[in-house]
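Each remark here refers to the structure printed beneath this line.
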Amino acid sequence: MSTAHVLLGLLAGGPRHGYDLKRAHDERLPQAKPLAYGQVYATLGRLERDGFVEPSAHEQDGGPERTAYTLTHSGRDRLAQWLTEIEPPAPYVTSTLFAKVVVALLAADADRARDYLAAQRAAHMARLRELTAVKSAPGATVGDVVAADYAIGHLDADLRWLQTTLARVADLQKEVTA
Amino acid sequence: MTTPLLTATGITKDYGATPALRGVDVRVTEGEIVAVTGPSGCGKSTLLHCLSGILRADRGSVIFRDQDIGSWSEAARSRLRRTEFGVLFQFGQMVPELTAAENVGLPLLLAGSGRREARQAALDWLDRFGVADVADQMPGAMSGGQQQRCAVARAMVTRPRVLFADEPTGALDQLNGEQVMQAIVRTVREEGTSVVLVTHEAPVAAYADREIVLRDGAVDPTGLGVAAP
Ligand SMILES: Nc1ncnc2c1ncn2[C@@H]1O[C@H](COP(=O)(O)OP(=O)(O)OP(=O)(O)O)[C@@H](O)[C@H]1O
Ligand SMILES: [Mg+2]
């Protein structure tokens, strides 16, 4: 995910300090990995270097924590461009789950692949239950629900794949060991 | 709480020459939500029907509060389903000639309540499931989601100790399905009702505290529910 663009977006409403950006990021993208302060300042540094943000004039003499940043014209253009760009659907199938099944068959046997599929399913179900609890909690925000929905949909897709792959393990083994 | 409320042991059921269940054990404790999952035809509905006393198992026992309901008469089991058990079926729920409120109040009338009392309770339960506005509509004039909410209200109107739900969101789109599940879970948590929830969808099963996976009529310890070829 592009932290730089999210920070540009958070600055669109007016100047903010680094700590304020971190708080806003974590609140607006709940269930995402919380931003580290170090990452916020490093990203702001790069954005400033590239001319997308600048320190607000009257606070220029403070250290990075004392400085509020503001979007430049070019920063606004960059943000607008990012919002119109589509994210291309992934061109390659890259999944550790998939790789592990194939490697289990190459390096061991079908039982190893099945054991892995069963253990992975249990872990996915446990996470699915956690996320369902998050979105069902009485204080859940719409942001919490939307974030949990995203993860639930992906876990569900993985779970379907785990199940259908189990039914294909024997055929896949024939193919990879032929 | 961990008191066992419902304990089924060695449930076996054949339909003629078709074995549907081959020795299934299930324990449901007070207030617990247990999901029963597995591929189509693995015996989920049959298990639910045996647990709720709709069907009698060929072998095995179903103990509810120290009583083997499998040995009860058809009439006694059917009385149980109007009092301590609530049932939500996979297909076709509502009586088409009755309004939503009449449908929901029906179990209370059958259990001997007065009309006024049954209607009031029906309206309260329709309200708890967010469909008070369709109280006087016929099922045919309601959306699938509204009908399903009414069906849940009808299953809960007698305040059962155990709710048996067979694919309660099977006919609904994702958002409606989610709203129905949220309403069911919120209500059973408030009421302390135990639930046996049959589903083949992982996101629905994730509302449960625990999951039993069936494969070919038996509990599948791998949880995958697919025969290893
Ligand atoms: N009334 C019946 N007569 C004969 N066979 C039946 C009957 N009901 C179910 N069966 C068979 O018993 C087995 C289990 O059926 P059951 O309906 O319990 O499965 P299920 O897991 O609920 O499936 P689904 O997910 O499709 O609802 C299947 O092989 C089915 O064909
Ligand atoms: Mg069924």
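Letters go in sequence order (proteins before strands), and every chain restarts at 1.
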When rounded to the nearest 0.5 angstrom, what distance separates CD in Q163(A) from NE2 in H200(B)?
-> 10.5 Å
Any side-chain heavy-atom pair of I152(A) and E178(B) under 4.5 Å =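 A side-chain contact under 4.5 Å is absent here.
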Hey, is [atom1] on [X] packed in by over 12 heavy atoms from elsewhere, all under 6.0 Å?
X       : atom1 : result
R82(B)  : CZ    : yes
R189(B) : CZ    : yes
R210(B) : CZ    : yes
E175(A) : CD    : no

Select all residues of residues 101-111 of chain A having any heavy atom within less than 4.5 Å of some heavy atom of chain B, and report them by number, or 'none'.
->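 Within residues 101-111 of chain A, no residue comes under 4.5 Å from chain B.
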What residues of residues 123-131 of chain A sit under 4.5 Å from chain B when only non-hydrogen atoms are counted?
->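 If one takes a 4.5 Å heavy-atom cut-off, the residues of residues 123-131 of chain A near chain B are M125(A), L128(A), R129(A).
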Please state whether the side chain, the backbone, both or neither of Q174(B) comes within less than 4.5 Å of a heavy atom of chain A.
->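 Neither part, no heavy atoms under 4.5 Å.
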